[in-house]
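Along the sequence shown, the residues carry numbers beginning at 1.
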Amino acid sequence: MDFDKVILHANGGIGKNVVATAVLKAIKKKYDLPIYVVTGWPEIYKFDPNVERVFKFGATQYFYEDNIKRGNPLILAQEPYLSTQHIVERKPLRQSWIEMYGMEYDNEYPELHFNHRHHEVVRQNFQRDKPTVLIQTNGGAPDPEGKRLYSWARDMPMITAQGVVERLKSKYHFFQICYNEQQVLKDAEPIQGLNEMELFALLKETKGRVLIDSSMQHGAGAMNLPSTVVWIANEPEVWSYTCHSHILPKVEKKFDTPAKDLYQRYDIGGSTDEYPYETDDIFDVDEIVSSVEKQINESGS
């Protein structure tokens with residue numbers, strides 16, 4: 001069949017959409033057709049050279065008439081989280097997504113594309129007297145009711161995050177990514193007013209990065225920015241990138257309750273009755289601090 005375009009339907013959060021930019025590379029390589037993306041995060045794709053048009057969910061009036069009824073598109077809308085490659089084979093998400101569509105994985109990596117203003121906003125507003133370190137303590141989608149709760153499966157324990165800041169605050173200025181309703185670290189500057197591309201631009205301007213299993217580690221991976229990433233529920237082999245240093249819990253799991261989810265061991269939302277530890281002091285702060293200082297020293301900063 002002769003297709004006139006490819007439509008990639010990308011559900012999910014910011015990080016998953018960053019991963020989708022790797023999928024775009026494989027699609028373009030195989031089909032060499034105009035690619036339309038339907039997404040909740042159009043800013044990720046606006047400057048991507050592989051994308052012809054991008055549509056935001058809810059802003060798709062006449063999309064069917066223009067692109068389905070009067071077109072002949074190849075529609076790629078399956079969910080990679082429900083693929084055998086992802087669930088059983090535990091391949092990197094970008095690889096699972098590409099192979100799910102019958103394409104060959106050729107080590108495609110995500111890639112972010114900026115305009116001049118993305119960088120200028122950061123450079124004009126986020127220069128500090130000390131070298132800067134960005135720490136993301138909390139992730140996931142914002143709660144429209146302003147009641148976002150802590151997710152143990154992804155978010156950094158406050159005892160860990162505060163310990164890292166305490167150890168390094170004399171040398172570095174800390175920016176903290178979190179939502180308004182979440183706890184702000186002492187001696188850290190919360191960053192809450194930037195859009196997603198400006199946040200990614202801020203990653204490029206910092207000297208060090210302490211991240212979690214969320215969008216910023218995907219963005220750092222897409223830009224090949226070495227970062228220290230703490231992992232709780234998910235495996236870095238599936239969700240992360242070789243440029244990062246991965247920190248795993250130092251304590252043994254004590255509880256092994258049945259999984260609530262059909263296809264993954266832990267609910268990423270942080271269901272309390274799945275928590276497998278007796279304490280929230282699950283990371284070695286010294287290990288994180290050493291990783292950050294190594295990261296900064298090796299960057300030549």
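Contact annotation: the side chain of D273 never approaches that of T257 to less than 4.5 Å [non-hydrogen atoms, C-beta and beyond]. Using a 4.5 Å heavy-atom threshold, the side chains of V133 and F175 count as separate. Two residues are said to be in side-chain contact when any heavy atoms from C-beta on lie closer than 4.5 Å; D48 and T21 meet this criterion. Here the side chains of E205 and T132 are not in contact, with every heavy-atom distance at 4.5 Å or above. When side chains are defined from C-beta on, N50 does not count as touching I27, because their heavy atoms never get closer than 4.5 Å. E196 places a side-chain heavy atom less than 4.5 Å from the side chain of I44. Counting heavy atoms from C-beta on, the side chains of M156 and I135 come closer than 4.5 Å. Within the 4.5 Å cutoff, the side chain of I212 has no heavy atoms near those of the T137 side chain.
F47 and M197 fall into different hydrophobic clusters, where Ile, Leu, Val, Met, Phe, Trp and Tyr side chains are chained together by heavy-atom contacts under 4.5 Å. I191 and L134 end up in the same hydrophobic cluster when Ile, Leu, Val, Met, Phe, Trp and Tyr side chains are linked at under 4.5 Å. Clustering ILVMFWY residues whenever any of their side-chain heavy atoms sit less than 4.5 angstrom apart, transitively, puts I75 in a cluster other than the one holding V54. Residues V292 and I159 are members of separate hydrophobic clusters, defined by side-chain heavy-atom contacts under 4.5 angstrom among Ile, Leu, Val, Met, Phe, Trp and Tyr. Using a 4.5 Å cut-off between side-chain heavy atoms of Ile, Leu, Val, Met, Phe, Trp and Tyr, with links allowed through other members, W41 and F57 fall into different hydrophobic clusters.
With sequence neighbours left out, S215 forms a side-chain contact (heavy atoms from CB on, under 4.5 Å) with I14, Q136. In this view, Q78 satisfies the side-chain hydrogen bond (donor to acceptor under 3.5 Å, both in side chains) rule with no residue, not counting sequence neighbours. With sequence neighbours excluded, the residues satisfying side-chain contact (heavy atoms from CB on, under 4.5 Å) with K169 are V165, E166, D187. Under the ring-ring contact (aromatic ring centres under 6.0 Å, His included) criterion, Y172 pairs with no residue at all, not counting sequence neighbours. Taking the ring-ring contact (aromatic ring centres under 6.0 Å, His included) definition, one finds that F3 meets it with nothing, sequence neighbours left out. Looking at residues two or more places apart in sequence or on another chain, you find a side-chain contact (heavy atoms from CB on, under 4.5 Å) between V121 and R117, N125, L194, E198. Y105 pairs by the ring-ring contact (aromatic ring centres under 6.0 Å, His included) definition with nothing, not counting sequence neighbours. Scored by the side-chain contact (heavy atoms from CB on, under 4.5 Å) test, Y263 finds L82, I87, D261 as partners (sequence neighbours excluded). The ring-ring contact (aromatic ring centres under 6.0 Å, His included) search around Y277 returns Y275, not counting sequence neighbours.
Residue F255 places its CZ atom among more than 12 non-hydrogen atoms of other residues, nucleotides or ligands, all under 6.0 Å distant. No more than 12 heavy atoms of other residues, nucleotides or ligands shown are found within 6.0 angstrom of CD on E104. Atom NZ of K250 has more than 12 neighbouring heavy atoms from other residues, nucleotides or ligands inside a 6.0 Å radius. Counting heavy atoms of neighbouring residues, nucleotides and ligands inside a 6.0 Å radius, atom CD of Q124 exceeds 12 of them.
At least one donor-acceptor pair closer than 3.5 Å links the side chain of N115 to the backbone N or O of H118. Under the 3.5 Å distance criterion, the side-chain polar atoms of S240 are left unmatched by any main-chain donor or acceptor of V238. With E274 contributing its side chain and K260 its backbone, the two residues share a donor-acceptor pair below 3.5 Å. Side-chain atoms of Q295 come within 3.5 Å of backbone atoms of R209 as a donor-acceptor pair (strictly under, hydrogens ignored). Side-chain atoms of W152 come within 3.5 Å of backbone N or O of S271 as a donor-acceptor pair. A donor-acceptor pair under 3.5 Å is formed between the side chain of Q217 and the backbone N or O of W239. At distances below 3.5 Å, at least one donor-acceptor pair connects side-chain atoms of S299 with backbone N or O atoms of I296.
Distance check, rounded to the nearest 0.5 Å: NE2 of H246 to OH of Y241 gives 10.5 Å. With rounding to the nearest 0.5 Å, the separation of NZ in K204 from CG in L112 is 9.0 Å. Atoms CD and OH, on Q61 and Y64 in that order, are 16.0 Å from each other to the nearest 0.5 Å. With rounding to the nearest 0.5 Å, the separation of CD1 in I268 from CG in D213 is 5.0 Å.
Ring geometry for F55 against Y36 counts as tilted: the plane angle lies between 30° and 60°, on a 0 to 90° scale.
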Discussion item. Go through it in stages, so that I can follow the logic: the residues are L93 and H86, the test is side chain to side chain contact (heavy atoms under 4.5 Å, CB included), and I'd like the CA-CA distance, side-chain angles, deciding distance and then a yes or no.
Written reply: CA-CA 6 Å; L93 177 58; H86 179 72; 4.0 Å; yes

Practice prompt. For H113 and Y45, run side-chain hydrogen bond (donor to acceptor under 3.5 Å, both in side chains): C-alpha distance rounded to whole Å, both residues' side-chain angles, the deciding distance at 0.1 Å, then the answer.
Written response: CA-CA 8 Å; H113 300 271; Y45 306 95; over 6 Å; no

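Donor-acceptor pairing under 3.5 Å is lacking for the side chains of D281 and T279. Side-chain contact annotation: E89 with S96, donor-acceptor N/O pair under 3.5 Å absent. Side-chain atoms of Y109 and N224 form no donor-acceptor pair, as typed in the model, at a separation below 3.5 Å.
Pairs of residues two or more places apart, or lying in two chains, that qualify as salt bridge (Lys or Arg N to Asp or Glu O under 4.0 Å) and include a residue from residues 92-101 are K91-E99. Sorted by first and then second residue, the side chain to side chain donor-acceptor pair (under 3.5 Å) pairs involving residues 66-77 (not counting sequence neighbours) are D66-R70. Pairs of residues two or more places apart, or lying in two chains, that qualify as salt bridge (Lys or Arg N to Asp or Glu O under 4.0 Å) and include a residue from residues 5-33 are K16-E79, K25-E111, K29-D106, K29-E108.
A salt bridge does not link R154 to D267: none of the charged side-chain nitrogens sits closer than 4.0 Å to a carboxylate oxygen.
For the residue pair P92 and E237, the shortest heavy atom distance occurs at CG-O, 3.7 Å. When every heavy atom of D280 is checked against every heavy atom of P157, the shortest pair comes out as O-CB, 3.5 Å. Here the closest heavy-atom approach between residue P34 and residue D4 is recorded as CD-O, 3.6 Å. When all heavy atoms of V122 and A201 are compared, the closest pair comes out as CG2-CB, 3.9 Å. Residues S291 and T228 approach most closely at OG-OG1, 2.7 Å, considering heavy atoms. Of all the heavy atoms in L225 and C243, the pair that sits closest is O-SG, 4.1 Å.
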